[in-house]
Amino acid sequence: MRPFSIRWGGADYAAEVTPSPTPVDLAFRNVAILDGSGRPAVEGDVGITGDRITAVGTVGPATVDIEGAGRTLAPGFVDVHTHDDGALIRHPDLGFKLAQGCTTLVVGNCGFSAAPARAGHPDHGGLIGLAPTWNDLDGFAAAVESAGPALNAIALVGHNTVRRLVMGNEARPPSAAELDDMRRLVAEAMAQGACGFSTGLIYEPGRYSDTAEVIALAREAAAAGGLYTSHIRNEGDHLLSAIDEAISIGREAGLPVQISHHKAAGARNWGKVGESLARIDAANAAGADITLDVYPYTAGSGPMAQYFRLDRLDPELAAVIRFASCPAFRHYEGRMAVDLAAEQGVAPVDVIRQVLTAPEGDRTICIQFIIDEADVETNLRHPLMMVGSDGIVDLAGRPHPRLFGTFPRVLGHYVREREVLGLAEAVRRMTSLPADRFGLVDRGRVVEGHLADLVLFDPATVADTATYDEPKLAPTGIEVVLVNGAVAHRPGVAPGDPGAGGARAGRFLRRATAR
Ligand code: ZN
Ligand code: CU
């Protein structure tokens, strides 16, 4: 503002004249702005024109005004660990993610990715949930774009997927020619904009690989500027050696590492995440580049067939299994194997066998209570810990509540109630940290020029409501979500009203260096 004097009516008047502020399409008024950097909030307005943030602080007139007093405006959350590859097409409204304040999804985790694929061939044993009509990442991206998802997505290329395409479920090392084929598939996906290479080394067929195979494939991601994300080979008794393997893969292949859903599985291993984090800190101090993610729950979830071997069913694991989605016995959904076993007068492993050997038994998704609450908090205190939901999108049963509740649960339970970490820091870990890590361009911060992926929430009420018994409940306190400048989520505002939600403005993103 430039003070100057004007002569009017013969008298001198000192006046303050502000250059006429540029109008914007949409303005958030009087919000506490958390810019994503971890700095404390500042009060002000934020203006959006088209798909970009065009003003922060003082904002001119707007076509749509959203009053946000008492609310916090933050960059939209990046869910770094999802299995939403198929959901982008099957459920493009993605209500379960939008309602949490998420605006970008990283897909292709745990070694399972939608691309590459063989068009028309079903996704055997993967987590995609639909038959691909594409062969490569470009084809998958086109299918996603034509479905019109509500959120942005960026993809990893998965080891299990690539290995199965080249050599089926063979439990042996690849031949030189097979390894070349796998390398070519990884390199091609990277060239088409994948942000990195993922493994799921407990799963079939990834578990048949040795470290050298993973290093060879990770090198292709390294050459393209991507990262390596790892569901490590063992999260229980051999957690520490599995962490060492991931560290060595990063070192030998020369790329950053993301440890997925960091945990110490099984009661006798609880507390080990402290040692595991210390090992990662030491590696980072010595020049490694390792970050992590976690989901804020004490149960995991995944395809049950992957966790059990029929010839030696693990009774300890059977004792903590609950059925999420069970096409063979729908009435088992939401129930613990131990309770079903007691009713039938058999052992829990017998219930597991009964389900796995039934028709469609391989499509069972289970929930396993294997994690210590104190370890969840230890994880969330670590400055390099991001948040990933790891939800599996089978909405027919009773999915793990993390699919609907992850981000509000961190902000409500762990930030507000437990004070495990501060709000600005939690938001940084959900926004700028993952955006930088996964190569998102101009996202993850509330600054002029960035894409307008934004969430308006009430820090006093934000909370998850989804439970294991009622898992499909939307969180509270998430009031407005913008994706690429369009209002995607705004409960309580009728469709057709100015600024109403419902936009499906998500984009398929390519790694920053892929251009
Ligand atoms: Zn995993
Ligand atoms: Cu996963």
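Counting starts at 1 for both ligands and their atoms, following the listed order. By convention here, the first residue in the shown sequence is residue 1.
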**Asked** Which N, O or S atom name in His81 marks its closest approach to the Cu ion (ligand 2)?
**Response** NE2
**Complete:** Between Asp390 atom OD1 and Cys110 atom SG, the angle centred on the Cu ion (ligand 2) rounds (to 10°) to 170°
**Asked** Is the distance from the Cu ion (ligand 2) to the nearest N/O/S atom of His83 under 2.8 Å?
**Response** yes
**Complete:** The side-chain contact (heavy atoms from CB on, under 4.5 Å) partner of Val294 among Met385, Arg429, Met386 is Met385
**Message:** Any donor-acceptor pair under 3.5 Å linking the side-chain atoms of Ser389 with those of Asp79?
**Reply:** yes
**Prompt:** Which class fits the ring pair Phe96 and Phe404: parallel under 30°, tilted 30 to 60°, perpendicular over 60°?
**Reply:** tilted
**Fill in**
With His231 as partner, the option from His261, His159, His262, His81 fulfilling ring-ring contact (aromatic ring centres under 6.0 Å, His included) is His261
**Prompt:** At the Zn ion (ligand 1), what's the angle from His231 ND1 to His261 NE2, rounded to 10 degrees?
**Reply:** 100°
